[in-house]
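These notes concern the structure reproduced below.
Below, read A as the first sequence line, B as the second, and so on, with proteins coming before strands; counting in each chain starts at 1.
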Protein chains: 2
Amino acid sequence: MKVTDHIHIKDDSRIPKYQQIVDGIIENISSGQLKIDDKIPSINALSEHFLLSRDTVEKAYNILKDRKVITSVKGKGFYITRTKLISKVNVLFLINKLSSYKMRIYNSFVSRLGGNSHTDLHIYHCDESLFLNLLTKNSMAYDYYVIMPHFKTSALHHISSTDEVLRALGKIPESKLIIMDNDLQQLPGTYAEVYQDFEGDIYTALTQGLEKIKNYRRIIMAYPARSVYPYPKRILHGFRRFCVENKLPFEVIDEIYDDTVMHDGDLFITIEESDLVSLVKQVRDKGMVLGEDIGIISYNDTPLKDLLGITVISTDFDQMGRSAAELILEKRVEKVKNPFRLIERESL
Amino acid sequence: MKVTDHIHIKDDSRIPKYQQIVDGIIENISSGQLKIDDKIPSINALSEHFLLSRDTVEKAYNILKDRKVITSVKGKGFYITRTKLISKVNVLFLINKLSSYKMRIYNSFVSRLGGNSHTDLHIYHCDESLFLNLLTKNSMAYDYYVIMPHFKTSALHHISSTDEVLRALGKIPESKLIIMDNDLQQLPGTYAEVYQDFEGDIYTALTQGLEKIKNYRRIIMAYPARSVYPYPKRILHGFRRFCVENKLPFEVIDEIYDDTVMHDGDLFITIEESDLVSLVKQVRDKGMVLGEDIGIISYNDTPLKDLLGITVISTDFDQMGRSAAELILEKRVEKVKNPFRLIERESL
DNA sequence: ATTGCCGGGCCGGACAGTACAGGATAGGGA
DNA sequence: TCCCTATCCTGTACTGTCCGGCCCGGCAAT
């Protein structure tokens, strides 16, 4: 028995022939005659059997492939991949590392996208080759690719690997790509984006609090430079620009240790939570008062920082996830800047 | 015994046959059945054994040769040359939801496992069908499956879907399975596990602080029952048992609202961070003092709770990830109870 | 009425990948 | 020598993929 015997299409001149083929396959699936992983007739076989042009069958199969009902394997044939015909939106959410902030972005993204979707989260640990692996392995299998590009800023300036990343990203259809968090100036084309303007954001946020900041004698930023997960250098640039333009004495240190020297009138800007913790502990140990003797501005807000009265400069993580989801839901291709602001609390 | 008996290839019509041969050899290497310098079947032997064209086998062997997995010696045969690069451990890390605690477990797991490994993180949002999908789709592709089984406790008691979950888990080879966090009493077999004894843990931790707890007039637990992400009911059981056995008046509420009534001498146990936040805010608004008028014990520790002086009962998340990684690294099949303890701070 | 445009349908060709069936050659080992 | 080995070769036949061109009918603007 030939495979083509399974397929039945009824000729109705009112509807296009390729549509009849599509409906025929769908019907054979829903009636249970075609099951998952079954092979369906080749283009040649079907076109000869029903006296159709090869092109017509090809068109029908392409529609089914776009709907992800069937998959094609070059040189072998077409195979049924899905029997449930509800079309879920599949998203690949690719992030460099898993922090509580990234987590909030992911969660708000998923909940805004709603139930008729599935998003896979993958983490590439700032590793270029792992990033490329994940992207090539999962290439073309998703409807959307939400990507946060953050890589190790190698001192050796490996042009090759950065180029490879850009080439891999270029292979993704622009309509399916959403760049998050870190905007890539080197990537050409018109794709969607929800970005932080790291340099400008910190500059304007600090400027907003300039009057209070002026009361401090020195500003010290704890910028984790030696971390395996680098933060954008532009944070530093923005901070420096703010200090220089306002003629404020400043300093940049790697980390806040238990014995980091601090004086009355110091204002600390912390990025890592661990630095914040050891800083607050030290301030308490020395009997100093936050917001009077020592000032703290922390990067990235959390509810518990609110309780602690820590002044923060922060982007809106939930908004970032929502924005990305809405770009997908509304099929918009825009570059959206995520809101960033200074939230003044007792520690400043 | 013929050499060909070692090689197993599974016939999947979608995948090209030469690729199946390649995968089969790789699998035999990574499972340790084929070691370095071993001879693999000749082209003729394999083609006859599996009724394949010689050309197909040749193609597969050429791919392996290009990848430098095997070397050919004219007139002799093919020999395995590399096993190191292939023996990268692949892990599927399957969790119900993404919280900051799960994140810490994941991060400590990955860092303990080290560089010669790759772990994919997937989230099934407490959804049984999604869980089954992820498991069947990725079946047999990983070396280890680290799974946190938490599902919606449906009031309707869908035996069917629970059964399906157990059957799906049963299909995973016991040596590859590590159950985390929530122990499944219903799952038979000897598999590895790192579990919390939710009922016993909270009972003993609270008993540890009994003297201080006795000073409070009433104990109120905020247990989020209506959440889409349910917490194990055994937390409640353990709490109730503690209260009943010590003859302490208690109460269980869903959530802490802005207008939740609270009296002098109330001790709150919070699970969700949002409950903790609104509770602390209320206490402050009413001019009450934490640890004197109102007590708080929070579930799950974080560095910022330490700063806030919040007494916690908590498992050691970092340890949990480390334990799971060590079970894999040392190839141990044991059931490990994760440490749980009461950390007394000012709020009690 | 003519024109341009678009989509359905058809035709055939070029290309690449899969799989098979051989044959020819050179080397290894007993 | 004989049998097995890898290697390279030419075919054949099928597969999906992509291309340009063709016809036709409907549809809207000129």
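- The aromatic rings of F109(B) and F93(B) sit tilted relative to each other, their planes meeting at an angle between 30° and 60°.
- Residues meeting the side chain to side chain contact (heavy atoms under 4.5 Å, CB included) test with V22(B), sequence neighbours left out: Q19(B), I26(B), A60(B), I63(B), L64(B), R67(B).
- When rounded to the nearest whole Å, the span between CD1 of I63(B) and C1' of dA19(C) equals 13 Å.
- Shown here for K102(A) and K97(A), the closest heavy-atom pair between the two residues is CG-O, 3.4 Å.
- Within the structure, a side-chain polar atom (N or O) of Y18(B) is placed less than 4.0 Å from OP1 or OP2 of dT18(C).
- Residue S72(A) places its side chain closer to dT17(D) than to any other of dT15(D), dA19(C), dT17(D).
- The pair R14(B)-D37(A) meets the salt-bridge criterion, since a charged nitrogen lies less than 4.0 angstrom from a carboxylate oxygen.
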Dump every N/O contact between nucleotides 22-30 of chain C and the protein below 3.5 Å, one line per pair.
residue : atom : partner : partner atom : Å
dG23(C) : O6   : R54(B)  : NH2          : 2.5
dG27(C) : N2   : G75(B)  : O            : 3.4
dG29(C) : OP1  : K76(B)  : NZ           : 3.1

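- Remark: P of dC9(D) and CG of N62(B) are 12 Å apart, rounded to the nearest angstrom.
- Residue T56(A) has no polar side-chain atom (N or O) positioned under 4.0 Å from OP1 or OP2 of dG9(C).
- For the pair S53(A) and dG9(C), the criterion of a side-chain N or O lying under 4.0 Å from OP1 or OP2 is not met.
- Taking side-chain N and O atoms only, K65(A) has no distance below 4.0 Å to OP1 or OP2 of dG16(D).
- Look at CG on L64(B): it is 12 Å from P on dT7(D), rounded to the nearest Å.
- Nearest to the side chain of N44(A), among dT17(D), dG9(C), dT15(D), sits dT15(D).
- If you take CD1 of I21(B) and C1' of dA19(C), they are 11 Å apart, rounded to a whole angstrom.
- A distance of 7.0 Å separates OH in Y61(B) from OG in S42(B), rounded to the nearest 0.5 Å.
- Between K59(A) and dG8(C) there is a side-chain polar atom (N or O) within less than 4.0 angstrom of OP1 or OP2.
- We find that CZ of R14(B) is positioned 16 Å from P of dT18(C), with the value rounded to whole Å.
- Rounded to a whole Å, the CD1 atom of I43(A) is 15 Å from the C1' atom of dC11(C).
- The side chain of P16(A) lies closest to dG8(C), out of dG8(C), dA19(C), dT7(D).
- Evaluation of the salt bridge (charged side-chain N to carboxylate O under 4.0 Å, His left out) test over residues 42-52 of chain A, restricted to residues two or more places apart or in two chains, returns none.
- Checking the phosphate oxygens (OP1, OP2) of dT5(D), no side-chain nitrogen or oxygen of K39(B) falls inside 4.0 Å.
- Ring pair Y106(B)/H125(A) is parallel by interplanar angle, where below 30° counts as parallel and above 60° as perpendicular.
- Residue E48(A) contributes atom CD, which lies 8 Å from atom P of dT15(D) at whole-angstrom precision.
- Heavy atoms of Y61(B) sit nowhere under 4.0 angstrom from any nucleic acid atom.
- Side chain of T71(A) to backbone of T81(A): no donor-acceptor contact under 3.5 angstrom is found.
- For L51(A) and dG9(C), the CG to P distance is 15 Å, given to the nearest whole Å.
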